[in-house]
Amino acid sequence: MLTKTLRGRDLVSLMDYSREELETILDLAFALKRKNEVEEEQNYLRGKTLAMIFANPSTRTRTSFEAAMTELGGHAQFHTPEVMQIAHHETWLDTARVLDRYVHGIMIRMYGLEKYGMARDILRLMADAAQIPVYNALDDKEHPFQILADLMTMIEKLGPGWRKKKIVLSWAYSERVKSAGVPQTMAIAASLLGMNLTLAYPEKYDVDPEYIAFARREAEKSGAEIEINHDVYQAAKGADVIYAKSWGSFLMEPQEDREYRKRFRQDWCISKKHFELANRRAIFMHCLPADRNLEVTDEVIDGPMSVVYDEAENRLHTEKAVLALTMR
Ligand code: CP
């Protein structure tokens, strides 16, 4: 049971949430998914507006948030910095203070600025400036809404005892240098919820040490097992979930990283070879968009072990749960 309401809360980092709060969000997401099945109205946010600011491209996040607001009886607006006065150097602070007077929540996707952490600083500044909730729809550090959908999918697919199943979140080859938001947020969630998580990645792809330190600290309290393995085949042994995700190195500039990673192209493309080492009923997960035949083979992502479209669908239900719980 929650000891205090989530109404008015930002979701910038999952580190700001407790195990009980995450479980409340997931419980409501399941309830809302059932309501969709029976076409029950869910107008909890009638008359409410969410301003969505996308500084980077999106298919799932934009569409699912927009649909989420519609299903909850509200409305979502799509903005990009290029067509806001941000383009003429209006500050993010003034932007937040003004939006605060019109809408009931602000969602922002922003990553890949000059320096790691800059987007997070903007998100925090806006969250402090606005009375309304500010939501992180992917920055350089975290992708909280993706991980909530991933957790819901694992609960559905793995059933009771899901927390102790072996989840392998594996770095995967891509030509694009991507955000480490997914592995970093998964480490937070796993440590808060007492999960068994292996982060598999080649040498030099360590995630931000702040996240590993948080995960190790929380794991002591929750009983979570957080492992790191640099051998993808060893990591895949006995896995119940293999989740592929490419991310960039913190130790190399993007151009150097693109060259360095070529040596991992073959072994770190998740294929049948990896699933032969995993448990018989192991599932494949990916947050999408996937770089097919680079991060994962067609045979796996289109195969019976793949749950990627159910995972994508769960973005909608988990987002609705957060919006319904936090917007006022
Ligand atoms: N997984 C995800 O965030 O997808 P989009 O980039 O399409 O929003």
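Whatever order the structure lists them in is the order used to number ligands and atoms, beginning at 1. Since we're looking at a predicted model, the values are computed, not measured.
Within 6.0 Å of CD in E41 there are 12 or fewer heavy atoms belonging to other residues, nucleotides or ligands.
The side chain to side chain donor-acceptor pair (under 3.5 Å) test applied to Q184 returns Y116, not counting sequence neighbours.
The main-chain N or O of L193 is found under 3.5 Å from a side-chain atom of R163 such that the two form a donor-acceptor pair.
Ring pair H79/F54: centre-to-centre distance not below 6.0 Å.
Listed by chain and number, residues touching ligand 1 at under 4.0 Å (heavy atoms only) are S58, T59, R60, T61, R109, H143, Q146, C287, L288, R315.
Within the 4.5 Å cutoff, the side chain of E90 has no heavy atoms near those of the M84 side chain.
Note on ring orientation: taking the six-membered ring where Trp is involved, the planes of F284 and H286 are tilted (angle from 30° to 60°).
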